[in-house]
Amino acid sequence: MPPVLELRGITKQFPGVLANDNVNLTLEKGEVHALLGENGAGKTTLMNILYGLYKPTKGEIYINGKRAEISGPTDAIRQGIGMVHQHFMLIPVLTVTENVMLGEESIHNGIFLDRKVAAKRIEEISKKYRLEVDPHAYVRDLPVGIQQRVEIIKVLYRQATILILDEPTAVLTPQEVDELFNIMKLLTSQGVSIIFITHKLKEILAVSDRISVIRRGQTVGTAKPTESTEQSLAELMVGRPVELVVQKKKAQPTQPVLLVKNLVIKNDRDRIAVEDVSFEISGGEVLGVAGVQGNGQTELVEAITGLRHAESGSIKIDGQESANKTPRQITEIGVSHVPEDRQRDGLVLSFPIKDNFILNTYYNTFANGIIIDEKKVNETAIKWVEKFDVRTPSIETPAGSLSGGNQQKVIVAREFSRPLKLLIASQPTRGVDVGSIEYIHARIIQKRDEGAAILVVSTELDEVRALSDRIAVMFDGKIVAIVPADQVTKEQLGLLMAGVPKEEVLGVFPQGKTKKGEKL
Amino acid sequence: METTVSVLQEKRNVKMGIFFLAVSLAIVIFFALNTPVGLTTTFGLNPGAATNAPPLPDLTLPTMGTLWVLAFLAAFTGGWQLARGFKNLNVVLLFVVLLFVFAFMTWAARGKSMNLLGVISASLLRATPIAFGALSGILCERAGVINIAIEGMMLSGAMVSVLVASLFRNYDALNPTTGQPLFPDWFANIGRTLDMYNLSSAVPWYLLLGLLSGLIVGGLLAAFHAWLSIEFKVNQIISGTVINIFSMGITAFLSQRFLQPIQPLNSGGVFTALPIPILSSIPIIGPLLFENRFIVYVLFILVIAIHVMLFYTRWGLRTIAVGEHPKAADTLGVNVYRMRYINVILGGMIAGVGGAYFTIGSVGRFDENMTAGKGFIGLAAMIFGKWTPLGAFGSSLIFGFADALQQKLQIFASQVPIPSEFLLMAPYIITMVVLAGVIGRANPPAADGVPYEKD
């Protein structure tokens, strides 16, 4: 029997970049085939070719042994291919039914939408694959995990037999990830074949039947999960041995550096995003903030760094009241900020690297009166590129043309090279390759050991656990618990992130330890 | 999130209560205490012209007593809001604003008589072009294309429709200097033939042709806008501005060069009132809704049709999808570009018809820049109506009412110490206040104004 899907010699040439280079891939009926690779390795490009969003420069696609011509999503859908995109393709203002039926609308009386018939079909699919969802709910009201179910239903509604899941776990809590894996197993047992794209090694080992590794647009190996370890997969993916665990000594906390009290912050839509939050961080320790995206972490960081107005409450940095000061005033106290969205808030993409290095010091460190000291800028830039291992053709290269990992290193170089009392790192390794993750983590710990107070915000639970001495969990704008990192399990954190009350989750701890851990 | 939302809601509730009390106080201070005892205000309940509906007696109210009652109602609403709170605050807000407006009218017409139904009927007429503009905007923006060229499309539609209507109406006009026929014989013959097939005197064939040509011109300009903003991803504000400037220039030129000097080119006649049998005999509603000109009925039908199409058909679902998240629509096989083209062109056609209202819908001739910003006010009405046809129509009526009222108040200028220039500003001031966001924040379609690029 021919494989359900076969990609032969797929090549995709973008202007200046060879995104896929002669990639081969086969998918058997009822298997989960994992596609592993770093960001920018070409996984998503490959899948977009399969889904008809890109045209391959070369190569052929065979479905059930027959040559398939896929020139658009409509063709892909007709061939039974369905894709759940990394960024959900859902329309928040429409209901689940409307989102699912879009493009394949049920019609009655010639022109009118038949929402009833569609909703009934959705309920049937829900039941068959245990994907519970209310067809009449508005998508904007649904949690991310449920939204993903809607995406999967959308694909099944079109009777897809080949399902592409592009980084499906990036936005989920650990519990939701487990649920998703159960759904995947149920789907494959009913004859659906799944291509599972990810760069998370643990997940691959947990759920896949076969693994293909892509590096720089080429398939560099195929493996079976039973014969692989995280270490071997990481080496295959990066192309060299990597350190997966963060090496650190026990923290030596000194004086409190950051003191936040009863902080209230509104979001862009004028709703309260952070409600009555209090915590402190001492020099020489890392406080990690865990939480599903959108629970107030962004607003909290923006308020501390002066990018957002604080409604009430106080933020004391190194003894100075800093709430609603300007970012420059806060920077001058000795605060560094690695922002969540580096391309929007961290860099001026069209500026050369050397100018990005001096964005917050050009007026003092690098100035002669009102003139920028070009010579000093150039010398420093050359030094930092070397010291922070930024891979770039020159210091004149625009930041926008660097890879994600190197862009992040430019920010790290700028922020870590000043006298530092407080470091705020938001999603410090999002979209960064394994090699750079290793590097950035080591730098953060180094700053801790030099005595800086460090606030790490990340939606990657593994990252928070690896870096933090204490972990604060945010849910719905509040800090629901602050616990010592070595006294809490991943599962407990997952439950806290999902809003389960602290008493229920941490009941197992001896009373004294929890109190000490909270420090409040 | 529930708790946080309720906290902010609470704040707004208290503010609203205080606002209602302030309205009550304003009625007392500005109006009630400024009224001599014993005066009455008379409100006419029959529109000016003769109608099919039976005439109603006038409504005569003691001015001061009425003002105190209105003030009390506003105060009571405010008190209730502070003590207990209303569920549907926006409706209550509308009610209180209406109280204030009614108090203002009662006070302004103290000792005199004001034709209330006349004001409302005039509101509808003045709202008509605004509503056409708003509907046009809804079609474009729901699909994700900002169209600020509605003003220009209306202006062009206004001119072309009267030109075409005039040509066909005056097919046998003579050249005043030579005394020879102005148009060739074959053309006049077409006119004579079509004259024999006229449907109704309220809807003559040459006006229908004029309307059709307005629709086509609007559609053509919109197709150009769509081509620039969809195909070439030109900034949509710039593309719209270009069309506005072009329309203003070309219509002014053609008007000065041809329409003003050659009168047979600029007298297209107008649609006259077309009463609908039976329905037009209902008191109040009849003369208001069912004794209108053809174009106004077109508007009514469009409002309902677009509402149904947008929310109950495949076309509507796809339009909304394309305006909110084009990539999502694309991955499901919806042709984003085609949907946008169709919607923008349809929207332009509606703007063109709305433009025809200015000429063959009301005065029968074209004057330079006669749309006077109504297309832009239409966009404000669209935003105020939260991008829904019914909401946009309702807010058009509010703008129309402001316009109609300021005109009516000129009669009472002696006892309303507000300069008429300020009253003329009323519709525009309302536009600004609305755009500054008086009732909550309106959320436009998420992809509004963002060109869609396939990578």
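Convention: sequence-line order gives letters A, B, ...; per-chain numbering from 1.
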If I measure from the heavy atoms of chain B, does [X] come under 4.5 Å with its side chain, its backbone, both, or neither?
X: A/His85; result: side chain
X: A/Phe88; result: backbone
X: A/Asp114; result: neither

Using the side-chain contact (heavy atoms from CB on, under 4.5 Å) rule, take A/Phe112 and B/Val308 through it: C-alpha gap first, then chi angles, then the decisive distance, then the call. CA-CA 9 Å; A/Phe112 296 108; B/Val308 171; 3.6 Å; yes

What part of B/Leu317 gets within 4.5 angstrom of chain A, counting heavy atoms only: side chain, backbone, both, or neither?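 When you check distances to chain A, atoms from both the backbone and side chain of B/Leu317 fall under 4.5 Å.
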
Indicate the atoms forming the closest heavy-atom contact of A/Pro73 with B/Gly333, along with that distance.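 What the structure gives for the nearest pair is CB-N, 4.3 Å.
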
Report the residue from A/Met89, A/Met101, A/Lys154 that forms a side-chain contact (heavy atoms from CB on, under 4.5 Å) with B/Leu332.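 Checked A/Met89, A/Met101, A/Lys154 against B/Leu332; only one passes side-chain contact (heavy atoms from CB on, under 4.5 Å): A/Lys154.
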
Any donor-acceptor pair under 3.5 Å from B/Arg318 side chain to A/Gly103 backbone: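 Yes.
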
Partner chain B: residue of A/Ile111, A/Ile91, A/Ile107, A/Leu102 with the largest heavy-atom pair count (under 4.5 Å):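 Heavy-atom pairs under 4.5 Å are most numerous for A/Leu102.
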
Counting heavy-atom pairs under 4.5 Å to chain B, which of A/Met83, A/Glu104, A/Arg115 comes out on top?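 Greatest number of close heavy-atom pairs with chain B: A/Arg115.
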
Would you find more than 12 non-hydrogen atoms of other residues, nucleotides or ligands less than 6.0 Å from B/Tyr312 atom OH?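 No - once you tally the heavy atoms of other residues, nucleotides and ligands closer than 6.0 Å, there are 12 at most.
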
Might you confirm whether atom CZ of B/Phe300 has over 12 heavy atoms from other residues, nucleotides or ligands at distances under 6.0 Å?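 Above 12, so yes.
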
If you measure from CG on A/Asn109 to OG1 on B/Thr313, what distance do you get to the nearest 0.5 Å?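 If I round to the nearest 0.5 Å, the distance is 13.0 Å.
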
Euclidean distance, B/Lys327 NZ relative to A/Leu53 CG, rounded to 0.5 Å: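 Going from CG on A/Leu53 over to NZ on B/Lys327, the span is 6.0 Å.
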
